[in-house]
Amino acid sequence: MSRVLVPCHVKSTVALQVGDMRTSQGRPGVLVVDVTFPNVAPFEEITFKNYYTAFLSIRVRHHTPLHTPSKWVTCLRDHCLMPDPHSEEGAQEYVSLFKHQMLCDMSRVLELRLILRQPSPLWLSFTVEELQIYQQGPKSPSLTFPKWLSHPVSNEQPAPRLEGLPDPSRVSSEVQQMWALTEMIRASHTSTRIGRFDVDGCYDLNLLSYT
Amino acid sequence: MLQEESDLSLIIAQIVQKLKGSNLYAQLERQAWACLQRPEIRLESLKEDIKEFFKASGWEKKLQNAVYSELNVYPLPSHPSAPPEHLKEPLVYMRKAQGSWEKRILKSLNSMCTELSIPLARKRPVGEQKELLNKWNEMGTDEPDLSLFRPVYAPKDFLEVLINLRNPNYENGDSLSFRTHLGLIQVPLKVKDIPELKECFVELGLNTGQLGIDDSTQVPPELFENEHVRIGQKVLVQQDSAAAQQYIRQGSPTALRAELWALILNISSQPEDILYYEQLKTNVIQHDLLVDSLIYKDVKLTASNDDYYFVFEDYLYQVLLCFSRDTSVLSHFAYNSASPPKSYIRGKLGLEEYAVFYPPNGVIPFHGFSMYVAPLCFLYHEPYKLYQIFREMYVRFFFRLHSISSHPSGIVSLCLLFETLLQTYLPQLFYHLREIGAQPLRISFKWMVRAFSGYLATDQLLLLWDRILGYNSLEILAVLAAAVFAFRAVNLMEVTSLAAAEAVLADLSTLKVMPLLQIFLFATVT
């Protein structure tokens with residue numbers, strides 16, 4: 001199934017904090033990222049690189065018919081990205097979330113809101129990076145077979161079966177299988193190990209390079 | 001679930017791709033063609049009949065072992081957006097630290113090269129080649145002048161790098177708070193605690209028989225040992241890697257160990273493998289590398305001085321010199337956070353067609369490297385078999401002990417596991433040692449980096465390495481290190497300096513590994 005990148009605008013993160021931001025000592029534990037779409041898009045997949053976010057919730061605002069105000073609906077609740085918020089496990093992983101993991105229908109999405117939570121005070125900052133939204137791409141064009149191959153004419157009289165010979169339809173299906181096997185073998189190529197470390201017999205080196 | 005199915009098909013595709021380039025694939029193809037002559041193979045059910053034949057003749061088992069081996073060694077395919085560096089090491093700051101460490105090593109090697117005016121690689125003249133070929137089985141008698149060479153680095157230099165490892169996103173305050181680690185390692189990796197270790201190493205429990213405990217002279221062999229040997233022989237007849245790996249968690253009988261390890265590592269010595277080793281030998285004879293002198297020096301300094309291993313000196317040269325020329329080792333850098341050093345043919349600096357790796361296998365040996373090979377000499381006597389086993393052990397386990405990574409079996413995690421275990425379960429001892437300036441990791445680091453080779457008696461070391469293979473993890477090294485400290489805790493509480501603490505823990509050769517592990521994990525009151 002192919003997927004197509006959906007153009008979207010990712011706003012900068014907003015921290016949610018109780019009390020006065022300037023005087024408070026602690027760091028925010030909740031961040032919000034808004035994603036808006038220029039066109040209403042059917043959502044298929046969201047991909048991002050985690051950076052020390054422990055839990056992710058996603059809320060979505062659907063496109064509704066005119067004159068009805070659209071509401072925010074939670075489609076992913078507290079998805080765990082780091083099993084232990086105090087340690088590095090899962091902290092910098094690449095993550096994909098799919099349509100079937102969402103709690104609501106994602107076919108007409110107007111706006112997405114990602115709510116990032118990191119309850120541990122050990123980390124200086126947290127966010128998600130390289131955010132990308134995908135929608136389902138066009139289905140791959142089906143191969144068209146000539147009609148006589150896929151739908152054999154059924155009103156032909158089968159030839160009288162001679163004694164002792166195998167059933168012709170069974171033989172033909174096995175021949176098809178064998179043909180498929182030989183095609184597969186021909187198509188595959190072995191990756192041979194080359195094992196030579198020199199260049200044309202010469203291994204006279206400069207110093208080691210630092211790049 | 002859709003996601004799991006697509007993950008599974010991705011893993012299958014990856015394994016199939018890997019196996020297609022292997023000897024086994026060619027052999028299976030040949031067998032399939034050959035078996036078409038057999039009467040039981042019919043055209044109508046060709047696929048099923050060939051499958052049946054493979055099952056009956058044991059080839060399916062070989063394929064199963066190869067797949068199991070791939071699953072054990074290679075990490076699962078990562079996210080499609082993840083770049084290859086992410087598979088080597090997911091945390092960016094660790095990748096950077098490994099990069100800087102490698103740069104230091106390269107600088108050190110380059111300066112040795114220029115100071116001594118010795119080329120990195122040199123083609124041997126024909127006379128010298130003939131001489132080396134004659135002397136191949138007794139290279140230990142050679143006494144080249146190695147006084148000017150020094151090892152590129154020693155474990156204690158590497159420890160300093162690990163101590164200074166910092167996560168830039170972590171709160172590393174100057175003042176002590178709940179955030180600072182009391183040990184030397186300051187990165188917050190996830191390590192197991194004793195309840196999790198008990199679950200992981202359940203076969204080491206008090207109710208399960210162990211070789212190393214239940215085969216001692218006081219215990220009648222009918223209780224455990226005889227039955228265990230019988231099962232081991234059965235496992236070898238079945239030739240099943242997964243069963244062997246499960247079996248060896250309780251230890252391997254000495255007579256069966258060589259075959260069991262070969263089965264678990266999926267090593268069968270085919271004629272192609274012997275030819276490959278001979279090819280490597282030819283490469284050694286044709287080219288002389290600077291790294292060879294480092295290997296000579298290391299063997300002379302470590303293995304030759306060891307009471308148990310000095311007899312194997314010649315074997316060590318034969319294995320390690322060939323290891324340096326083996327380009328198939330380069331493939332393990334896909335999942336190793338380290339990268340092989342690069343160089344260019346003289347006069348072609350910067351031209352990619354003339355870029356080569358140095359040494360050809362990409363691994364620069366450090367002080368003590370030869371100790372990874374030495375214990376294997378007790379098990380394998382043909383050089384090519386010894387070589388294959390060592391190479392597989394290196395690309396599965398030993399590389400993790402000298403590269404910076406966040407993997408649970410990586411040396412950083414092992415150090416943190418050791419310190420956390422000691423701090424949690426022996427807090428008084430930990431506090432006392434810290435107060436006298438004897439951080440426990442400074443003493444145990446060298447044990448873990450060498451996987452205890454050269455510190456334990458050989459039979460005990462082999463029992464320990466049985467469990468490394470059985471659990472496919474190096475965490476047991478950290479647990480053993482903590483168990484050793486727990487065992488000598490009473491003496492350690494009385495010392496007043498780092499040197500005295502080192503003296504208490506200088507000689508581990510009388511220790512019995514399995515009782516220590518069992519007591520520490522399952523019999524200590526917490």
Side-chain angles (χ1 to χ4, degrees), chain A residues 1 27 47-49 51-52 82-84 86-101 120-126 130 132 166-167 170-171 173-175 177-178 181 185 188-211, chain B residues 1-3 17 20-21 25-26 29 43-47 78-82 86 90-92 103 106-107 109-110 113-114 119-123 167-171 179 187-191 276 279 283 287 325-328 341-347 349 353-354 356-360 406:
Chain A
M1 206 87 68
R27 286 185 288 276
T47 331
F48 56 87
K49 181 175 188 295
Y51 188 76
Y52 294 96
M82 287 169 64
D84 177 8
H86 297 298
S87 77
E88 302 261 13
E89 207 181 332
Q92 298 192 22
E93 287 300 323
Y94 288 82
V95 182
S96 266
L97 297 167
F98 296 90
K99 182 170 73 173
H100 63 79
Q101 291 170 275
S120 168
L122 294 173
W123 313 110
L124 298 175
S125 73
F126 64 97
E130 296 173 35
Q132 285 178 323
D167 179 25
R170 239 185 59 197
V171 170
S173 73
E174 269 109 33
V175 169
Q177 272 190 347
M178 233 179 34
L181 275 173
I185 291 175
S188 71
H189 55 92
T190 54
S191 49
T192 47
R193 291 199 305 219
I194 305 200
R196 307 242 351 239
F197 58 81
D198 50 357
V199 177
D200 297 333
C202 171
Y203 197 59
D204 187 22
L205 300 176
N206 263 331
L207 295 178
L208 301 169
S209 61
Y210 298 130
T211 44
Chain B
M1 295 237 69
L2 285 172
Q3 191 52 33
Q17 192 57 40
K20 270 199 181 147
Y25 184 75
E29 250 189 328
L43 190 62
E44 311 82 73
S45 48
L46 188 64
K47 211 163 157 183
S78 53
H79 195 270
S81 320
H86 193 259
L91 300 180
V92 175
K103 214 163 164 177
L106 296 188
K107 281 203 173 116
L109 201 53
N110 275 346
C113 197
T114 39
L120 283 177
R122 153 187 91 87
K123 201 163 171 104
N167 180 347
N169 195 31
Y170 188 73
E171 174 87 56
R179 298 172 176 104
V187 290
L189 295 172
K190 180 100 183 84
V191 290
Y276 191 77
Q279 177 64 40
N283 289 340
H287 291 275
R325 271 62 167 186
D326 193 349
T327 50
S328 67
K342 218 165 99 162
S343 181
Y344 295 91
I345 300 291
R346 204 180 286 278
L349 192 62
E353 317 83 76
Y354 293 94
V356 289
F357 292 119
Y358 182 86
S406 60

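Below, chain A is the first sequence line, B the second, and so on; all start at residue 1.
- Only the side chain of Leu120(B) comes within contact range of chain A, judged by heavy atoms closer than 4.5 Å.
- Counting heavy atoms from C-beta on, the side chains of Glu88(A) and Pro188(B) come closer than 4.5 Å.
- Taking the side chain as every heavy atom from C-beta outward, Pro90(B) and Glu93(A) approach each other to under 4.5 Å.
- For Ser125(A), the parts sitting under 4.5 Å from any heavy atom of chain B are the backbone and the side chain alike.
- Here the OH atom belonging to Tyr358(B) is positioned 13.5 Å from the OG atom belonging to Ser209(A), to the nearest 0.5 angstrom.
- With His86(B) contributing its side chain and Gln92(A) its backbone, the two residues share a donor-acceptor pair below 3.5 Å.
- With rounding to the nearest 0.5 Å, the separation of OG in Ser81(B) from NZ in Lys49(A) is 11.0 Å.
- Using a 4.5 Å cut-off between heavy atoms, Leu109(B) touches chain A through its side chain atoms alone.
- With a 4.5 angstrom heavy-atom cutoff, Asp84(A) touches chain B only via side-chain atoms.
- Proximity to chain A (any heavy atom under 4.5 Å) is restricted, for Phe357(B), to the backbone atoms N, CA, C and O.
- Taking 4.5 Å as the limit, every side-chain heavy atom of Lys342(B) sits out of range of all side-chain heavy atoms of Leu208(A).
- Proximity to chain A is absent for every atom of Val191(B), based on heavy atoms less than 4.5 angstrom apart.
- A donor-acceptor pair is defined here as one N or O able to donate and one able to accept, closer than 3.5 Å; no such pair exists between the side chain of Asn169(B) and the backbone of Trp123(A).
- Using cut-offs of 30° and 60° for the angle between ring planes, the Tyr94(A) and His79(B) rings count as parallel.
- Within the 3.5 Å criterion, the main-chain N or O of Leu189(B) finds no donor-acceptor partner in the side chain of Glu89(A).
- The main-chain N or O of Leu205(A) is found under 3.5 Å from a side-chain atom of Arg346(B) such that the two form a donor-acceptor pair.
- For chain A, the nearby part of Glu353(B) is the backbone; its heavy atoms alone come within less than 4.5 Å.
- Residue contact with chain A, scored on non-hydrogen atoms closer than 4.5 Å, is absent for Ser406(B).
- Between Pro168(B) and Leu124(A) the shortest heavy-atom distance is O-CD1, 3.3 Å.
- Using a 4.5 Å heavy-atom cutoff, the side chains of Tyr52(A) and Asn167(B) are in contact.
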Point to revise | Evaluation steps, side chain to side chain contact (heavy atoms under 4.5 Å, CB included), between Leu207(A) and Cys113(B) | key: CA-CA 8 Å; Leu207(A) 295 178; Cys113(B) 197; 3.9 Å; yes
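- With a 4.5 angstrom heavy-atom cutoff, Lys190(B) touches chain A via backbone and side-chain atoms both.
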